[in-house]
Undergrad: 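Here it is, the structure, as structure tokens.
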Protein chains: 2
Amino acid sequence: MRRLAADLDTGPASLYVYFQNAAVLHARVLDELLEAVESNLTSAGSSWSDDLVDLLSSYTTILIEYPDLAKSALVTRPSGTNYLTLVEHILKLLREGAIPDSHAAWGVDLLLLFATSIALEHGTRMAMAGIENDGNELRSALENANGDTYPSIAALGADLLSGSPEDKYKWHVRAILSGIGATPREGDVPLEDDSRA
Amino acid sequence: MRRLAADLDTGPASLYVYFQNAAVLHARVLDELLEAVESNLTSAGSSWSDDLVDLLSSYTTILIEYPDLAKSALVTRPSGTNYLTLVEHILKLLREGAIPDSHAAWGVDLLLLFATSIALEHGTRMAMAGIENDGNELRSALENANGDTYPSIAALGADLLSGSPEDKYKWHVRAILSGIGATPREGDVPLEDDSRA
DNA sequence: ACCTGAACACCGTTCAAGT
DNA sequence: ACCTGAACACCGTTCAAGT
């Protein structure tokens, strides 16, 4: 609020003439930024799931630059036209993937929650870079975990810390996609049923 | 920092004698709170996936009371013994579910990211309850979405907004579980292979 | 050596006062 | 009527000064 106000050569109070509060302002700014989501797409059409990974990556990449907006988006879902366009695009790809409608309806939430959280996580981490890189705390805790009290952790060992963020991101999205396709919701018609009453 | 310092009848500066910064203090407090995760479990053993839903619910329930700690946990993974115990418990249940180790290794991250994000989302939303409930913004945007520009949104209609948070939470966890079980990682041995070189 | 009062550099929001 | 300076009520962090 104060930085934007300063950029506009006025006091922060003036912004409250146009925006109810900081959350509303954030939502508006975010929706403006989301116009870039579609234009940042790279792969374009090898498969519906690749497209979905690409689409969400584009969204995350934008949000990662603005962790405060990611936090806002997580708590108060945006409602602008560009956000709706993103939801529409996700749903379109899920239908291409033959995901049942009822699964897709609850699946979009999960996909966007994931993409937003990752942006918040990494964006905030980057914003406090250098100050103190305590990312190694958990790392060493896992490496030195006692095999008697933590047998499963010890069994997995280095695998718990393996992989680049990008590879994990992609695998996580694919896992979510696979899950929302395969996980039954109450009211689902069983697969082999020919739907006679 | 300031509230805790006031409770201890001193200035905020004193805390810096014992904690490097606010993030470190948060991590320590959180790990203390996580001792309650195991004792809050309810269902106990109908199936590994039910147990996993229950375990993560317990974690989320605790974190939802302290959104600031949830934010901290999202950005800087805790590394205390109670957090390790939680990770161990999750891994144990995933092994019970016959999830391949390499999938479990990347799956814990996703499960904990989800549980933490939901706590941050709902916790923050509760903390600003009453002030302005603009949760209906997206709701009405989705309901009034033009069927020509947003065909998939219009096709799904009310289903996009259906379901209680609890039902969605459980379904989301189950979807993630299903996905991490079924999504191949590079290096996976194909199922029908009898592993002769 | 160990602790801390006071100050610094920030926030978002409100409201009386100015044009 | 529309805008805003100044103040209010908060943050986390630092550092010189006190015991």
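Since the model is a prediction, treat every value here as computed from it, not as a measurement. Here is the naming used below: chain letters follow the sequence lines, and residue numbers restart at 1 for every chain. Only heavy atoms go into these numbers, but all of them, side chains included; no hydrogens, no water, no symmetry mates.
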Undergrad: Let me spell it out: for each of A:S14 and A:R3, pick the nucleotide of DNA chain C with the closest heavy atom. Which residue's pick is nearer the 5' end?
TA: A:R3
Undergrad: Strictly by Watson-Crick or wobble contacts shorter than 3.5 Å, is anything paired with D:dC3, and which nucleotide is it?
TA: none
Undergrad: Where the side chain of B:V17 is concerned, which of C:dT13, C:dC3, C:dA6 is the nearest nucleotide?
TA: C:dC3
Undergrad: What integer distance in Å separates B:L25:CG from D:dC11:P?
TA: 14 Å
Undergrad: Let me know the distance between CG of B:L4 and C1' of D:dT13, rounded to the nearest Å.
TA: 15 Å
Undergrad: Distance check needed: C:dT13 P versus B:M128 CE, whole Å only.
TA: 10 Å
Undergrad: Among C:dT13, D:dT4, D:dT13, which is the nearest nucleotide to the side chain of A:Y16?
TA: C:dT13
Undergrad: What's the CG-P distance between B:N21 and C:dA9, to the nearest Å?
TA: 20 Å
Undergrad: What contact category does B:Y18 fall into here, base, sugar-phosphate, or nothing, at under 4.0 angstrom with non-hydrogen atoms?
TA: sugar-phosphate
Undergrad: Identify whether any heavy atom of B:A13 sits under 4.0 Å from a base atom; if not, whether one sits that close to sugar-phosphate; answer base, sugar-phosphate or nothing.
TA: base
Undergrad: Within this structure, what is the CG-OG distance for the pair B:D51 and B:S57, rounded to the nearest 0.5 Å?
TA: 11.5 Å
Undergrad: Starting at CG of A:L30, measure out to CG of A:N82 and round the result to the nearest 0.5 Å.
TA: 9.0 Å
Undergrad: Charged N to carboxylate O below 4.0 Å: is that the case for A:D50 and A:R174?
TA: yes
Undergrad: Both distances under 3.5 Å, Watson-Crick or G-U wobble: report the partner of D:dA17, or none.
TA: none
Undergrad: Can you tell me how far C1' of C:dC11 sits from CE of A:M1, to the nearest Å?
TA: 11 Å
Undergrad: Quickly work out the A:R2 CZ to D:dG5 C1' distance and round it to whole Å.
TA: 11 Å
Undergrad: Just verifying a value: how many Å separate A:L160 CG and B:D109 CG, rounded to the nearest 0.5 Å?
TA: 8.0 Å
Undergrad: Taking 4.0 angstrom as the limit, do A:R125 and A:E121 come out as a salt bridge?
TA: yes
Undergrad: Could you check which nucleotide pairs with C:dG12 in any of the strands shown, counting Watson-Crick or G-U wobble with both distances under 3.5 Å?
TA: D:dC8
